[in-house]
Novice: 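One structure, as structure tokens, below. Some questions next.
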Amino acid sequence: MADAERDEEFTVDVLAERAGMTVRNVRAYSTRGLIDPPRLEGRTGYYSQKHLQRLVLIRTLLGRGFTLAAIEDAILKSPSTASNVALDLISIFEVEDDEDPTELIGRAELASISGLGPDHELLDKMTELGLLEKVDEDTIRMLEPGVVRPGAAAVAIGLSPDSVVDIVPHMREHLEQVSDRFVHHVTRDVVQPFLDAGLPQDEWPVVFEKIDQLIPIASQVVVSMFRSVLRQAIETEIGHKLEELAAEGDQPTS
DNA sequence: TTTCTTACA
DNA sequence: TGTAAGTA
């Protein structure tokens, strides 16, 4: 490649620090053969960017729930490509939000959807929530049109702006938990078996495909389940209100 | 002093 | 995975 290569080298303590782990663990992984031996100068070893990248990879995989044994197995069986393949795998989980296009909309138009004035505080609050971005005086970029539009519509129907502002972050927080759990199980049930099996390079597209299939399925479940639970909650709540009204009707004052 | 190995908890 | 001892 270019000539501006990162050819700097560093000792274990620096390596460990940059990799975000202890020297002890660097040596442990080294002993297991998870990283190549360093360039030796007398008794001290000098490590390069490749060593660092490998350690970061290991740390990331461990953080995702892979066992050290599985990582070891994968790396040892496919020394030259394991790193790249694993990185590809990681990117699948982390770069799945690129199909979330932003959308420009006139300030007046967005306001009309919600039935509010163009200067209503709701727009400011949505901006604070990271849902909107001011482009210029009367143009707004919706970072998440799929959230903003329905939110505005809900306000038009009668939900208060404050409620929307309260619900959105709440939903996001809990859905993130659901997602984390989902990812955990996918890595354990779908991905790890492939690592355990020895990482046949030809088979990795199969794993990617499985994950691609699981994402819409999981999304489907979330929508269906939420719809069901929401309906039930509303019926229960309204049922209580009706009972209260009925009780008051039978025995006024008490 | 620091790096590394080995051994033990 | 942390710590300690003995080296180079």
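Residue numbers start from 1 in every chain, and the chains themselves are labelled A, B, ... in the order their sequence lines are given, proteins ahead of strands. The figures that follow rest on heavy atoms only: side chains count, while hydrogens, waters and symmetry mates do not.
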Novice: Is a donor from one side chain sitting under 3.5 angstrom from an acceptor on the other, for A/Asp13 and A/Thr11?
Specialist: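 Note: A/Asp13 and A/Thr11 side chains meet the donor-acceptor criterion.
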
Novice: Can you measure A/Ile35 atom CD1 to B/dC4 atom C1' for me and round it to whole angstrom units?
Specialist: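 In whole Å, B/dC4 C1' lies 13 Å from A/Ile35 CD1.
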
Novice: Send over the distance from A/Leu15 CG to B/dT2 P, rounded to a whole Å.
Specialist: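 One finds 18 Å between P of B/dT2 and CG of A/Leu15, rounded.
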
Novice: Looking at A/Arg18 and A/Glu8, does any basic side-chain N land under 4.0 Å from a carboxylate oxygen?
Specialist: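 Judged by the 4.0 Å cut-off on N to carboxylate O distance, A/Arg18 and A/Glu8 do form a salt bridge.
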
Novice: Between B/dT2 atom C1' and A/Glu41 atom CD, what is the distance in whole Å?
Specialist: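 So the two atoms are 14 Å apart, to the nearest Å.
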
Novice: Look at A/Thr44 and B/dC4 and indicate whether a side-chain polar atom (N or O) is within less than 4.0 Å of OP1 or OP2.
Specialist: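 Indeed not, no polar side-chain atom of A/Thr44 lies that close.
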
Novice: For A/Glu41, what residues pass the salt bridge (charged side-chain N to carboxylate O under 4.0 Å, His left out) criterion, not counting sequence neighbours?
Specialist: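 With neighbours one apart ignored, the set is A/Arg39.
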
Novice: Given C/dT3, is OP1 or OP2 found less than 4.0 Å from the side-chain N or O atoms of A/Arg24?
Specialist: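 Result: no.
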
Novice: Heavy-atom count check: over 12 atoms from other residues, nucleotides or ligands less than 6.0 Å from A/Glu244 CD?
Specialist: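 Atom CD in A/Glu244 is packed in, count exceeds 12.
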
Novice: Hey, does A/Val12 reach any base, or is it just sugar-phosphate, or nothing, if we go heavy atoms under 4.0 Å?
Specialist: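 If one applies the 4.0 Å heavy-atom cut-off, A/Val12 turns out to touch the sugar-phosphate alone, with no base involved.
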
Novice: List the residues meeting ring pair (Phe, Tyr, Trp, His ring centres under 6.0 Å) with A/His170, not counting sequence neighbours, and say none if there are none.
Specialist: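 Residues passing ring pair (Phe, Tyr, Trp, His ring centres under 6.0 Å) with A/His170: A/His174.
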
Novice: Within a reach of under 6.0 Å around CD of A/Glu103, are more than 12 heavy atoms found that belong to other residues, nucleotides or ligands?
Specialist: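 Result for CD/A/Glu103: enclosed.
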
Novice: Contact class for A/Gly45 (heavy atom, under 4.0 Å): base, sugar-phosphate, or nothing?
Specialist: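 It contacts sugar-phosphate atoms only.
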
Novice: Does A/Tyr46 place a side-chain N or O at less than 4.0 Å from the phosphate oxygens OP1/OP2 of B/dC4?
Specialist: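 Checking B/dC4 against A/Tyr46, no side-chain N or O comes under 4.0 Å of OP1 or OP2.
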
Novice: Check the distance between C/dT1's P and A/Ile58's CD1 and give it to me in whole angstrom.
Specialist: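 Atom CD1 in A/Ile58 sits about 11 Å away from atom P in C/dT1.
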
Novice: Of A/Val147, A/Leu131, A/Ile105, A/Leu104, which is the lone residue that meets side chain to side chain contact (heavy atoms under 4.5 Å, CB included) with A/Met142?
Specialist: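 Among A/Val147, A/Leu131, A/Ile105, A/Leu104, the one meeting side chain to side chain contact (heavy atoms under 4.5 Å, CB included) with A/Met142 is A/Ile105.
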
Novice: From CG of A/Leu34 over to P of C/dT1, roughly how many Å is that when rounded to an integer?
Specialist: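 It is 12 Å, rounded to the nearest whole Å.
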
Novice: Without decimals, in angstroms, what is the distance between A/Arg27 CZ and B/dT5 P?
Specialist: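 Rounded to whole Å, this separation is 6 Å.
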
Novice: Atom CG of A/Asp13 to atom C1' of B/dC4: distance rounded to whole Å?
Specialist: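 Rounded to whole Å, this separation is 13 Å.
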
Novice: Mind checking A/Thr11 for me? I need base, sugar-phosphate or nothing, with any heavy atom below 4.0 Å counting as a touch.
Specialist: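 Touches sugar-phosphate only.
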
Novice: Pull out every stem in DNA chain B, meaning runs of 3 or more consecutive Watson-Crick or G-U wobble pairs with both distances under 3.5 Å.
Specialist: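 Stems for DNA chain B, defined as runs of 3 or more consecutive pairs: B:4-9 with C:1-6.
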
